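Dropping the structure in here first, questions after.
Not measured: the values here are computed from a predicted model. The first residue of the sequence shown is numbered 1, and numbering continues consecutively from there.
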Amino acid sequence: MEYALWLTSFFVFTFLSMALLMKATQTLPLGTAYPVWTGIGAVGTVLLGIFYFHEPTSFWRLFFIATLILSIVGLKTVSAS
């Protein structure tokens, strides 16, 4: 039963993610939208691992997650014009 929940969640969120990427490419160049999309996925995966699976955290791990988030925001900011 738990496997079915994970599998269903995977397909729902994959579809939602692709739909949002498609929406983003209507206003942003693909060269910006795709890195932002993958960066958000990477940060979300790391945070899921930390909070749900109790993966270890360290200063450097959090530091590089923060730099990734700042890079995503920066890329979006300079591409918005």
Side-chain angles (χ1 to χ4, degrees):
M1 182 64 170
E2 185 176 333
Y3 177 76
L5 178 63
W6 279 106
L7 190 61
T8 302
S9 297
F10 169 77
F11 284 116
V12 167
F13 285 110
T14 298
F15 176 79
L16 181 63
S17 179
M18 292 289 180
L20 291 173
L21 176 61
M22 185 176 68
K23 181 71 174 163
T25 57
Q26 293 174 355
T27 56
L28 292 172
L30 182 62
T32 299
Y34 183 73
V36 169
W37 180 71
T38 56
I40 290 169
V43 169
T45 302
V46 170
L47 293 177
L48 181 70
I50 290 170
F51 292 114
Y52 186 77
F53 295 110
H54 308 290
E55 291 180 355
T57 58
S58 67
F59 169 79
W60 289 112
R61 189 170 187 191
L62 297 176
F63 172 79
F64 287 116
I65 292 169
T67 59
L68 180 56
I69 292 168
L70 289 173
S71 298
I72 292 167
V73 170
L75 187 57
K76 170 67 174 84
T77 301
V78 298
S79 297
S81 53

With sequence neighbours left out, which residue pairs that include part of residues 31-41 fulfil the salt bridge (charged side-chain N to carboxylate O under 4.0 Å, His left out) condition? none
Can you pull the salt bridge (charged side-chain N to carboxylate O under 4.0 Å, His left out) pairs that have at least one residue in residues 23-33, sequence neighbours excluded? none
ILVMFWY cluster, Leu75 and Val43 together (side-chain gap under 4.5 Å): yes
Could you pull out all donor-acceptor pairs under 3.5 Å where a side-chain atom in residues 65-74 meets a protein atom, sequence neighbours excluded?
unit_1 : atom_1 : unit_2 : atom_2 : d
Thr67  : OG1    : Phe64  : O      : 2.8
Ser71  : OG     : Thr67  : O      : 2.8

Among all residues two or more places apart in sequence or in another chain, which pass the side-chain contact (heavy atoms from CB on, under 4.5 Å) test with Leu20? Leu16
Same hydrophobic cluster for Phe63 and Val46, using side-chain heavy-atom links shorter than 4.5 Å among ILVMFWY? no
Could you give the side-chain donor-acceptor pairs of residues 1-13 under 3.5 Å, partners two or more places apart or in another chain?
unit_1 : atom_1 : unit_2 : atom_2 : d
Glu2   : OE2    : Trp6   : NE1    : 3.3
Thr8   : OG1    : Ala4   : O      : 2.8
Ser9   : OG     : Leu5   : O      : 2.9

Identify every side-chain donor-acceptor pair in residues 27-37 under 3.5 Å, counting partners at least two apart or on other chains, and give the distances.
unit_1 : atom_1 : unit_2 : atom_2 : d
Thr27  : OG1    : Ala24  : O      : 3.4
Thr32  : OG1    : Ser79  : OG     : 2.8
Trp37  : NE1    : Ser17  : O      : 3.3
Trp37  : NE1    : Ser17  : OG     : 2.6

Anything under 3.5 Å between a donor and an acceptor, one on a side chain of residues 52-60, the other on a protein residue two or more places apart or in another chain? List them.
unit_1 : atom_1 : unit_2 : atom_2 : d
Glu55  : OE1    : Arg61  : NH2    : 3.0
Ser58  : OG     : Arg61  : N      : 3.2

